[in-house]
2 protein chains.
Amino acid sequence: MGATKTDHFTESQNELAVLAKAIGHPARIAIIEYLLKVDACICGDIVNELPLSQPTVSQHLKELKNAGLIKGSIEGNSICYCINEPGLEKIKGFFEHISAHLAKKKNECC
Amino acid sequence: MGATKTDHFTESQNELAVLAKAIGHPARIAIIEYLLKVDACICGDIVNELPLSQPTVSQHLKELKNAGLIKGSIEGNSICYCINEPGLEKIKGFFEHISAHLAKKKNECC
DNA sequence: ATTTTATATCGTAATATTGCAATATAAAAA
DNA sequence: TTTTTATATTGCAATATTACGATATAAAAT
């Protein structure tokens with residue numbers, strides 16, 4: 001089928017899945033890492049940093065934006081992209097939650 | 001094309017992408033959350049917890065195992081699945097790294 | 001006004017993912 | 001030994017993703 005049965009899962013589970021899925025591609029990780037490295041909004045530089053064509057990069061940027069992981073604003077000729085903190089905080093919270101659980105675990109098996 | 005150009009990215013980026021991609025489905029998040037909730041290895045219960053057929057659940061378990069997020073050992077008739085900590089720690093590290101970066105950021109734009 | 005620069009969208013081909021019915025496997029129970 | 005129980009694998013249809021060439025858009029520079 002190819003279509004995820006989102007109806008049967010909680011909103012939280014679906015929300016996290018969308019975020020994780022958006023991160024689940026090396027090009028999109030590279031974009032996030034680059035935005036962190038330059039430590040600022042950047043205008044028109046991302047395409048040159050990636051080993052992919054301009055339309056493909058544009059598509060990845062769109063996906064990251066849709067997932068709420070980055071944001072972009074028009075800056076004259078070009079577009080200024082940067083990290084969208086709330087999105088990253090949300091998924092980070094999930095792993096902190098997991099870590100807290102694991103810390104309490106007695107490791108009695110496996 | 002549909003095939004990710006993994007060659008052009010770093011090993012770390014590809015590794016993280018595989019982990020995030022594995023988490024990027026609500027059913028697989030539900031599995032991880034369930035394994036955390038029961039706080040132990042569980043033998044044969046996961047299928048009943050999910051709104052999906054047995055073959056589909058089996059496939060999701062396989063993907064989580066391949067990504068290194070869970071592990072399973074044969075326990076007589078059934079199979080005992082549990083969280084694989086190193087996998088989760090690895091992806092958690094990525095978000096901690098991101099958080100550290102964001103904390104230093106001056107928020108001078110966006 | 002024309003050209004350049006930066007980015008997005010469209011169309012399309014190749015490949016991947018999701019989901020399930022049918023079937024296989026293999027240990028446990030009867 | 002037959003049946004039951006638990007899980008995996010196969011095969012397939014529906015849909016999604018990835019990538020890029022061609023083209024569109026729109027502001028900046030000439």
Side-chain angles (χ1 to χ4, degrees), chain A residues 1-9 13-14 17-31 34-35 38 41-67 69-82, chain B residues 1-9 13-14 17-31 34-35 38 41-67 69-82:
Chain A
M1 311 220 154
T4 298
K5 284 182 139 189
T6 52
D7 309 6
H8 299 87
F9 299 98
Q13 285 166 343
N14 283 314
V18 166
L19 287 166
K21 199 174 179 181
I23 297 173
H25 191 289
R28 296 194 287 267
I29 288 180
I31 290 171
Y34 182 65
L35 287 174
V38 297
C41 295
I42 59 156
C43 305
D45 218 5
I46 300 178
V47 171
N48 304 317
E49 291 293 323
L50 293 186
L52 295 168
S53 74
Q54 181 270 320
T56 303
V57 172
S58 182
Q59 197 175 282
H60 283 305
L61 286 167
K62 193 179 175 186
E63 274 170 70
L64 285 171
K65 212 164 97 183
N66 286 343
L69 289 164
I70 67 172
K71 52 188 172 178
S73 53
I74 297 168
E75 203 74 33
N77 198 16
S78 60
I79 292 189
C80 189
Y81 280 110
C82 64
Chain B
M1 313 219 155
T4 299
K5 285 181 137 190
T6 52
D7 308 7
H8 300 87
F9 300 97
Q13 286 166 343
N14 283 314
V18 166
L19 287 166
K21 198 173 181 183
I23 296 173
H25 190 290
R28 295 194 288 267
I29 288 181
I31 290 170
Y34 182 64
L35 287 174
V38 298
C41 296
I42 58 156
C43 305
D45 220 3
I46 299 178
V47 172
N48 304 318
E49 291 293 321
L50 294 185
L52 296 168
S53 73
Q54 181 269 320
T56 303
V57 172
S58 182
Q59 197 177 280
H60 284 307
L61 287 167
K62 193 179 173 184
E63 275 170 68
L64 285 171
K65 211 165 99 181
N66 286 343
L69 289 165
I70 66 171
K71 53 188 170 175
S73 53
I74 297 168
E75 203 74 33
N77 198 16
S78 59
I79 291 188
C80 189
Y81 280 110
C82 62

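Each chain gets a letter, A, B and so on, in the order the sequences are listed, and its residues count up from 1.
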Phosphate OP1/OP2 of D:dA8 contacted by B:Y81 side-chain N/O (<4.0 Å):
yes
Check the phosphate of D:dT7 against B:K62, side-chain N and O only, distance under 4.0 Å to OP1 or OP2. Yes or no?
no
If you find the nucleotide of DNA chain C closest to B:A3 and the one closest to A:A3, which residue's nucleotide is nearer the 5' end?
B:A3
Let me spell it out: for each of A:G76 and B:P55, pick the nucleotide of DNA chain D with the closest heavy atom. Which residue's pick is nearer the 5' end?
B:P55
Test for a donor-acceptor pair under 3.5 Å between the base of C:dA6 and the side chain of A:Q54, counting only N and O atoms.
no
Describe, in one word, how the ring planes of B:H25 and A:F9 are oriented to each other, choosing from parallel (under 30°), tilted (30 to 60°) and perpendicular (over 60°).
perpendicular
So, is B:T56 near the phosphate of C:dC20, with a side-chain N or O under 4.0 Å from OP1 or OP2?
yes
Check the phosphate of C:dT17 against B:H60, side-chain N and O only, distance under 4.0 Å to OP1 or OP2. Yes or no?
no
So, under a plain 3.5 Å distance rule, would you say the side chain of A:Q59 forms a donor-acceptor pair with the base of C:dA8?
no
A:N77 has an atom CG; how far is it from atom P of C:dA8, in whole Å?
12 Å
Angle of first-five versus last-five pair axes in the helix from C:dA1-D:dT30 to C:dA30-D:dT1, to 10 degrees
10°
Please state how far atom CD1 in A:I79 lies from atom P in D:dT25, giving the value in whole angstrom units.
15 Å
Correct closest heavy-atom pair for B:Y34 and B:D45 would be OH-OD2, 3.1 Å
Does B:S78 make a side-chain N or O approach to OP1 or OP2 of D:dA6 shorter than 4.0 Å?
no
NZ of B:K71 to CG of B:L64: how many Å apart, nearest 0.5 Å?
14.5 Å
Between A:A17 and B:I29, what is the shortest heavy-atom contact and its length?
N-CD1, 3.3 Å
Sole residue of B:L52, B:T56, B:L50 in side chain to side chain contact (heavy atoms under 4.5 Å, CB included) with A:K5
B:L52
Heavy atoms only, 4.0 Å cut-off, all strands: where does A:L52 land among base, sugar-phosphate and nothing?
sugar-phosphate
A:L61 has its side chain closest, among C:dC20, C:dT15, C:dA8, to C:dA8
Residues in contact with DNA chain C, drawn from residues 22-31 of chain A - heavy-atom cutoff 4.0 Å:
none
Can you tell me if B:K21 touches the phosphate of C:dA16, counting only side-chain N or O atoms and a distance under 4.0 Å to OP1 or OP2?
no
Please give, in whole Å, the distance from C:dT18 P to B:L50 CG?
14 Å
